[in-house]
2 protein chains.
Amino acid sequence: MKGASLEILKHNHLSVTESRKKILDLFLANIGALAHADIEKNTGVQFDRVTIYRTLQTFVDKGIIHTIPTADNSVLYALCKDECEQGHHHDNHIHFICDTCNITICMDHITIPVLKLPKGFAPKRSDVVVSGICNRCN
Amino acid sequence: MKGASLEILKHNHLSVTESRKKILDLFLANIGALAHADIEKNTGVQFDRVTIYRTLQTFVDKGIIHTIPTADNSVLYALCKDECEQGHHHDNHIHFICDTCNITICMDHITIPVLKLPKGFAPKRSDVVVSGICNRCN
DNA sequence: TAATAATTGCAATTTTGTTGCAAAAATTTT
DNA sequence: AAAATTTTTGCAACAAAATTGCAATTATTA
């Protein structure tokens, strides 16, 4: 798992820089989603806030990570699974937020049931945010 | 429907002030969800930004309104239906965001199918954010 | 109507996110 | 492998969004 971040960067035609590698490593090492603050604290090296903003944006643009809608409207990011590509994200996500430890997990493998909407509504994409107690806190 | 806001305030043991009445009226008059900016612009009278923040927070605490998770992490609020009470919210919400006109509608009446989560996960509340084209833009 | 309690608005501050630009680093070309 | 080119970084300045303390005002209670 040493060069995973490097692989991902190359595969997405991004220049390989220390910040990108370290930030990507953080995502790879983490089960849960990360906030900007988590990244600022845990990269080991101190990167400029602006660099982190720009790196996250780049990763989102390339489809490497995606943002997670949260009830408290904090901004969270999580790794995309393989199905995601640039400009063409996997359209359905289930995210689980633990009320206890606050971890946010992206459950890509669970499929979202089809919803019956009122007449005239044409759904394109669904995000499901489930909160409760996670498996480790239970 | 004249004194609806007044009723709601009294029912929730809140002192009746102009800002609270006007802001609540705005929610009652609107189908869609409201952002802080919408409220700042449309109350007729100009309230201090801080007052609006505090009023919204009070309403959330009392279970009169709830926040909506959005994909772009903007902060939206919508009226809770009757099932919601202080500290005991209606636990499932479906929100529809129109990609065209950007309206956000809270579809309280639609039930969310039960999701199969991995072992150990105990769901408490689900927010579903569906985006697409709404009935008026379709 | 007076006394008490709660809310408002202002000022100051903090947090969060953005932009332009020169220096530094990464990639490409020779 | 070094020079030329392109990209990225970090700083500074700025802008927007949200929070806090406090005195003045407004609402409720007695």
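- When the C1' atom of dA18(D) is taken as reference, atom OH of Tyr53(B) falls 5 Å away, rounded to whole Å.
- With rounding to whole Å, Leu6(B) atom CG is found 13 Å from dA27(D) atom C1'.
- Residues Ile8(A) and Leu24(A) are in side-chain contact: their nearest non-hydrogen atoms beyond the backbone lie under 4.5 Å apart.
- A straight line from CD of Glu40(B) to C1' of dG9(C) spans 13 Å, rounded to a whole angstrom.
- In the interface, the side chain of Arg49(A) is paired with the base of dG17(C) through a donor and an acceptor atom under 3.5 Å apart.
- Note: NZ (Lys62(B)) to P (dA6(C)) measures 11 Å, nearest angstrom.
- Donor-acceptor pairing under 3.5 Å, judged by distance alone, is absent between the side chain of Arg54(A) and the base of dG17(C).
- Formation of a donor-acceptor pair under 3.5 Å by the Lys124(B) side chain with backbone atoms of Ser131(A) is not found in this model.
- dC11(D) atom P lies 12 Å from atom CZ of Phe47(A), rounded to whole Å.
- Between Val75(B) and Val16(B), the residue anchored closer to the 5' end of DNA chain D is Val75(B), taking for each the nucleotide with the nearest heavy atom.
- Rounded to whole Å, atom P of dT8(C) lies 14 Å from atom CD of Gln57(B).
- Each of Thr51(B) and Ser15(B) lies near DNA chain C, and the nucleotide nearest Ser15(B) is the one positioned closer to the 5' end.
- Val45(A) is listed as a side-chain neighbour of Lys22(A), based on a closest heavy-atom distance under 4.5 Å.
- Atom pair Ile52(B):CD1 and dC10(C):P shows a separation of 12 Å (rounding to whole Å applied).
- Of the possible donor and acceptor atoms, one in the side chain of Thr43(A) sits under 3.5 Å from a partner among the backbone N and O of Ile39(A).
- Residues Leu34(B) and Leu26(B) meet the side-chain proximity criterion, which asks for heavy atoms closer than 4.5 Å.
- The Ser19(A) side chain lies nearest to dT9(D) when the options are dT27(C), dA12(D), dT9(D).
- For dT8(C), the OP1/OP2 oxygens have a side-chain nitrogen or oxygen of Thr17(B) closer than 4.0 Å.
- Atom CG of Leu56(A) and atom P of dT18(C) are 11 Å apart (whole Å).
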